[in-house]
Amino acid sequence: MLGCDFFCCGCIPQEFYDNDPYPFSLPSPLPQWPQGDGFASGRISLGKIEIIKVTKFESVSRCTRLRGNSQGLTFYRPSEIPDGYVCLGHYCQSNDQPLRGYVVVARETTSEPEANCSSGSVLESPALKMPLNYSLIWSMDSHDECAYFWFPNPPKGYKAMGIVVTRKRSEPEVNEVRCVREDLTETCETSKLLLSVNSTFSRKSFQVWNTQPCDRGMLARGVPVGTFFCGSYYSAEQVVDIACLKNLDPALHAMPNVNQIHALIEYYGPTVYFHPNEIYLPSSVQWFFKNGALVYSEGSVKGKAIDDQGSNLPSGGLNDGAFWIDLPTDNDARNYLKKGNIESAELYVHVKPALGGAFTDIVMWVFCPFNGPAILKVPWTSIEMSKIGEHVGDWEHFTLRISNFTGELWSMFFSEHSGGRWVNAFDLEYIKENKPIVYSSKHGHASYPHPGTYLQGSSILGIGVCNDAARSKLVVDSSTRYQIIAAEYLGNGAITEPCWLQYMREWGPTIVYDSGYEVEKLLDLLPVFVRFSVENLLELFPTELYGEEGPTGPKEKDNWLGDEYC
């Protein structure tokens, strides 16, 4: 890592900046949140360290005319750091978006001297220490001397938290940043690649990456610092030499209490639009049970009615195939249940810590009794399949990620079948004040931030599964129609989990049909020159699209404990 080279990327000296990205703010000012504990207090205690989020920056260098990134990047130094707090590293972001980022600055909660060798007593070393010196690792555009990248060399037993950027080759002052005691840190990895350019004088490449804790999810304690990492020959999710912080507060005092959770949902709860031609609408779980859903057990021919709370469903255990839920056998009752009941629909909310308790994830689950057939798009038309994609009991979700420093909506995750994507708050569509919009796709109920047609398959060929999303009068307002079903960090008794949440088996039967026959019927409708492409694409579709197995409920999903999967 510690080798220096020069790179030309059209850097602009600081005094010539005239189009810095404009800071982003949500459409409406934040409200006064209900009082209690440390949520939205502006600071978070991690045990030995207290941190504050800084969103004010001064530009150090801007790099433009980058291949694949017409706007380039700007590197920033945090400014307006409160007295008593210290910088841990610098920040950078793309210029094609509003200024929307942060770095945390830190201070020790207690000041303890190092080991007293004369007395033989062993005391803790300080939580924060200045680096010994810096190593110059990269330099960009030597004739302007506009960007030098320095790695802080930490004392033994400490970790660097970020890179320092200067406009001159002079080594930064050692008091520019602090390193953190190793036991107060977690390992960090690359996440999003921000920049990759080739050296002017060698075959080396220069890369700039966002970073994230290696271990993420509800139980993980890694807190991102907001800094970046740079080097060469790195790949996504590769462990790097800088670290993130570790939250040692067992109570996670920055997380919202029950009253604050309700206030957040009522303030940010998205409006969910279903497609105007949607046949298979959502319902409440209770409506599904009351109107004829049956639970089957292995070896049984006849299903049993489920009470409206799901209290007679098998509880706990694993998804071993021993039980499953199905629609009624009577055709009229079956078709009635398939259509759902949007008047009864509500969002089922799981609240959990994210990124070491620096953020709160409000996961909103949507239940639809039935997932309709897939719609295959080819260059000139769309074809609705008769069976492929159908299954009973469809669970989809989206996630609001809230900053625990301020209570600000930071980003949203949109679940799109077996994956999904994070969308920054500045890329969301808002219906009123700070309430985002979610578009649910026709038949499949995947979540999207904007209306349109989203293709699962080959965008180059224009062939794949078509997900149509649009506004309509079919709406569920999650800010008023919701039920909190779990928030484990609040402790036992704070939230009563519904009985049906403990059902860990499948919410639909295994569907057995001749998918090859379906494909052959489809291919017969297509010209010869696209058949090969379609056959290959169908092999790549996720297994749930063919309906071989019924879906599981929220608690069996990987994101119940883990982070969202993109």
Side-chain angles (χ1 to χ4, degrees), residues 1-9 11 14 59-63 73-78 86-92 103-106 125-182 184-191 193-212 214 224-235 238-245:
M1 183 192 90
L2 302 179
C4 181
D5 213 328
F6 291 103
F7 294 80
C8 291
C9 66
C11 289
Q14 183 182 20
S59 301
V60 178
S61 180
R62 174 183 290 178
C63 296
L73 295 177
T74 299
F75 299 92
Y76 297 92
R77 182 180 186 272
V86 292
C87 176
L88 301 176
H90 288 185
Y91 172 74
C92 83
V103 293
V104 300
V105 295
S125 299
L128 305 169
K129 267 191 175 182
M130 291 184 287
L132 302 174
N133 50 36
Y134 296 86
S135 295
L136 179 62
I137 51 177
W138 299 107
S139 179
M140 300 179 71
D141 200 340
S142 61
H143 64 276
D144 280 335
E145 294 187 336
C146 66
Y148 293 88
F149 299 83
W150 303 87
F151 180 81
N153 293 312
K156 185 178 180 181
Y158 288 76
K159 298 286 288 185
M161 309 303 289
I163 304 297
V164 174
V165 184
T166 63
R167 291 178 53 239
K168 296 182 179 180
R169 195 180 179 90
S170 303
E171 184 173 330
E173 298 291 333
V174 291
N175 65 355
E176 173 71 13
V177 296
R178 295 296 187 274
C179 301
V180 179
R181 204 172 71 209
E182 194 167 4
L184 306 179
T185 68
E186 291 274 2
T187 55
C188 204
E189 67 183 18
T190 54
S191 57
L193 179 63
L194 300 176
L195 167 68
S196 182
V197 293
N198 294 324
S199 168
T200 307
F201 306 111
S202 72
R203 294 183 178 180
K204 291 182 180 179
S205 66
F206 174 64
Q207 298 174 332
V208 179
W209 295 84
N210 277 337
T211 59
Q212 62 189 10
C214 293
V225 179
T227 57
F228 67 93
F229 180 77
C230 58
S232 62
Y233 308 119
Y234 280 83
S235 57
Q238 183 173 346
V239 176
V240 295
D241 294 324
I242 63 173
C244 61
L245 295 169

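Remember, predicted model here, so these are calculated numbers, not experimental data. Side-chain atoms are counted along with the backbone in the values below, which use heavy atoms only and exclude waters and symmetry mates.
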J.: Does W150 reach the side chain of E171, with side-chain heavy atoms less than 4.5 Å apart?
T.: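 Yes, close enough: below the 4.5 Å cut-off.
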
J.: If we only count heavy atoms from C-beta on, is the R181 to K159 side-chain gap below 4.5 Å?
T.: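 R181 vs K159: side chains apart.
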
J.: Got a sec, which residues hit side chain to side chain contact (heavy atoms under 4.5 Å, CB included) with A106, two or more places apart in sequence or on another chain?
T.: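 A106: side chain to side chain contact (heavy atoms under 4.5 Å, CB included) contacts with I49, I51, L88, L128.
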
J.: Who passes side chain to side chain contact (heavy atoms under 4.5 Å, CB included) against E189, sequence neighbours left out?
T.: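 Listed in chain order: Q212, C214, R216, E237.
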
J.: Enter the distance from Y148:OH to F75:CZ here, rounded to the nearest 0.5 Å.
T.: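 Those atoms lie 14.0 Å apart.
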
J.: Mark yes or no for whether T166, through its side chain, and K168, through its backbone, hold a donor-acceptor pair below 3.5 Å.
T.: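 Confirmed, T166 side chain pairs with K168 backbone.
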
J.: Report the distance from atom OG1 of T211 to atom CG of D241, rounding to the nearest 0.5 Å.
T.: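 That separation rounds to 12.0 Å.
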
J.: A side-chain contact here means heavy atoms from C-beta on lying under 4.5 Å apart; do R178 and K129 qualify?
T.: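 Side chain of R178 against side chain of K129, heavy atoms only: no contact under 4.5 Å found.
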
J.: At their closest point, which heavy atom of V104 faces which heavy atom of P224, and how far apart are they?
T.: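 For V104 and P224, the tightest heavy-atom pair comes out as CG1-O, 4.3 Å.
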
J.: Test side-chain contact (heavy atoms from CB on, under 4.5 Å) on L245 and E186 and set out the steps.
T.: CA-CA 6 Å; L245 295 169; E186 291 274 2; over 6 Å; no

J.: Does M161 reach the side chain of I242, with side-chain heavy atoms less than 4.5 Å apart?
T.: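 Contact flag for M161/I242 side chains = no.
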
J.: Just verifying a value: how many Å separate Y91 OH and Y76 OH, rounded to the nearest 0.5 Å?
T.: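 Result: 7.5 Å between the selected atoms.
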
J.: Going from CG on N153 to CG on N133, what distance comes out if it is rounded to the nearest 0.5 angstrom?
T.: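 Going from the CG atom of N153 to the CG atom of N133 covers 4.5 Å.
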
J.: Please name all residues satisfying side chain to side chain contact (heavy atoms under 4.5 Å, CB included) with P131, sequence neighbours left out, ordered by chain then number.
T.: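 Only Y134, P152, V177, C179 meet the side chain to side chain contact (heavy atoms under 4.5 Å, CB included) criterion with P131.
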
J.: Distance from Q207 atom CD to S196 atom OG, nearest 0.5 Å?
T.: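 Interatomic distance, Q207 CD to S196 OG, rounded to 0.5 Å: 4.5 Å.
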
J.: Return the set of residues passing side chain to side chain contact (heavy atoms under 4.5 Å, CB included) with P78 (not counting sequence neighbours), or none when no residue passes.
T.: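 Residues passing side chain to side chain contact (heavy atoms under 4.5 Å, CB included) with P78: V54, F57, I81, C87, H90, V103.
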
J.: Using modelled atom types only, decide if a donor and an acceptor are shared between the side chain of T185 and the backbone of A243 within a distance under 3.5 Å.
T.: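 Checking the backbone N and O of A243 against the side chain of T185, no donor-acceptor pair under 3.5 Å is found.
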
J.: Working to the nearest 0.5 angstrom, can you tell me the gap between F149 CZ and I163 CD1?
T.: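 Reported to 0.5 Å precision, the distance equals 9.0 Å.
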
J.: So, applying side-chain contact (heavy atoms from CB on, under 4.5 Å) with C230, which one of I137, V165, V240, L195 is it?
T.: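 Testing each of I137, V165, V240, L195 against C230, the sole residue satisfying side-chain contact (heavy atoms from CB on, under 4.5 Å) is I137.
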
J.: Answer yes if the ring centres of W138 and F206 are under 6.0 angstrom apart, and no otherwise.
T.: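 Yes, the ring of W138 comes within the 6.0 Å limit of the ring of F206, centre to centre.
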
J.: For the backbone of L73 and the side chain of R62, can you confirm whether one donor and one acceptor N or O come within less than 3.5 Å of each other?
T.: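 Flag not set: sc R62 to bb L73 has no pair under 3.5 Å.
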
J.: What I want to check is whether the side chains of S191 and N210 have a donor and an acceptor closer together than 3.5 Å.
T.: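 Short answer, no.
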
J.: Evaluate side-chain contact (heavy atoms from CB on, under 4.5 Å) for F229 paired with V208, printing each intermediate quantity in order.
T.: CA-CA 6 Å; F229 180 77; V208 179; over 6 Å; no

